[in-house]
Amino acid sequence: MATTASASPATPQLKGVQPLRAGEGNSFLWRRLHSLTGIVPIGAFLVEHIISNFEVVNGPLAYAQQVKFLNGLPLVRVLEWGLIFIPLLYHALYGVFIAVRGRSNVNVYPWAGNWMYLSQRVTGLIAFAYIVYHVLTQRFMGVSLPEHPGLAYAKVQFELLSHWYAIPVYVIAMIATCWHFAYGIWLFAAKWGITPGNVARKRFGWVCTIGGAALCIMGLVSIFTVAYGRPYSPEDVMPAQYDNVVAPTVPPQQ
């Protein structure tokens, strides 16, 4: 009996995305978990994070209030580790494992499919490197924003303007992360049988493309609003949020 590996490229079973199948030992479970965590909770957090950061277009005070609200949620530290850091670490490390072990299959999938496969791995690595950098600089280094949300605008603006590479890194990472997420949703729907057939996958592909582009645009607008918007001033935020902490000196805009 012919196997999938020995079938020709024109065989119907090889068209599209192969579903996740049971009977593959622990690999099936780990891949299922990897696929699921990319949507919930990581994908959900990404959407929330971009929407929350988009509040910066309404000014430093609105952004500070959003940061204060999020850090005031019940059990916020438990949620932060249980629903963000730990799932993200697993998804990223297992994704690196898949990327290292994976290879293109030009004899099975068309060239476009191989290009999409490669782009998903590359954007995943870019997103992982950026997230590590972003979490370290914004969450664990410098002024603690959970305790001093009034300095959120100042801290982000300082990071973007104090290093020549910061804005390019943020822009590239935003595009890569949104691409990885949008295509990841498409793969999730295909592999889990939510979009059976090429017609359904093609239509859902447009939904993912539009949604990913919208998130990317919102993220880029937030970045450039902070980088090239008005310089931070303590008067922009409420005194109770400022808490007498000296704000970092933001370099003058070029």
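Within the structure, salt bridge (Lys or Arg N to Asp or Glu O under 4.0 Å) pairs that include any residue of residues 38-59 do not occur (at least two apart or interchain).
Considering all non-hydrogen atoms of both residues, Val96 and Phe128 come closest at CG2-CD2, 4.4 Å. Considering all non-hydrogen atoms of both residues, Asn58 and Ala62 come closest at CB-CB, 3.7 Å. Nearest heavy-atom pair, Leu70 versus Ser52, reported as atom, atom and distance to 0.1 Å: CD1-OG, 3.7 Å. Heavy-atom minimum distance, Ile42 versus Pro87: CD1-O, 3.5 Å. Residue Asn53 comes nearest to Ser222 through the heavy atom pair O-OG, 3.4 Å, listed as atom of the first residue, atom of the second, then distance. The shortest non-hydrogen separation linking Ile185 to Ile39 is CG1-CD1, 3.7 Å.
Remark: the backbone N or O of Leu145 is not paired with any side-chain donor or acceptor of Lys155 at under 3.5 angstrom. The closest donor-acceptor contact from the side chain of His34 to the backbone of His91 lies under 3.5 Å. With Trp186 contributing its side chain and Cys208 its backbone, the two residues share no donor-acceptor pair below 3.5 Å.
Within a 6.0 Å radius of CZ in Phe85, more than 12 heavy atoms belonging to other residues, nucleotides or ligands are found. Within 6.0 Å of CG in Leu75 there are 12 or fewer heavy atoms belonging to other residues, nucleotides or ligands. Around the CZ atom of Arg139, the shell of radius 6.0 Å holds more than 12 heavy atoms that belong to other residues, nucleotides or ligands.
Judged purely by distance below 3.5 Å, without hydrogens or angles, the side chains of Arg77 and Asn71 pair a donor atom with an acceptor atom.
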List the steps, then state whether side-chain hydrogen bond (donor to acceptor under 3.5 Å, both in side chains) holds for Tyr133 with Gln138.
-> CA-CA 8 Å; Tyr133 165 78; Gln138 291 296 307; over 6 Å; no

Residue pair Ile167, Phe224: steps toward the side-chain contact (heavy atoms from CB on, under 4.5 Å) verdict | CA-CA 8 Å; Ile167 294 178; Phe224 289 116; 4.1 Å; yes

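Using a 30° and 60° split on the angle between ring planes, Phe140 and Trp81 fall in the tilted class, from 30° to 60°.
Partner Ser35 forms a side-chain hydrogen bond (donor to acceptor under 3.5 Å, both in side chains) with one of Trp192, Trp30, Tyr94 and no other, that one being Trp192.
Residues His148 and Leu151 are in side-chain contact: their nearest non-hydrogen atoms beyond the backbone lie under 4.5 Å apart. Looking only at side-chain heavy atoms (C-beta outward), Phe54 and Val221 come within less than 4.5 Å of each other.
Here the CD1-CZ distance, from Ile84 to Phe45, works out to 4.0 Å after rounding to the nearest 0.5 Å.
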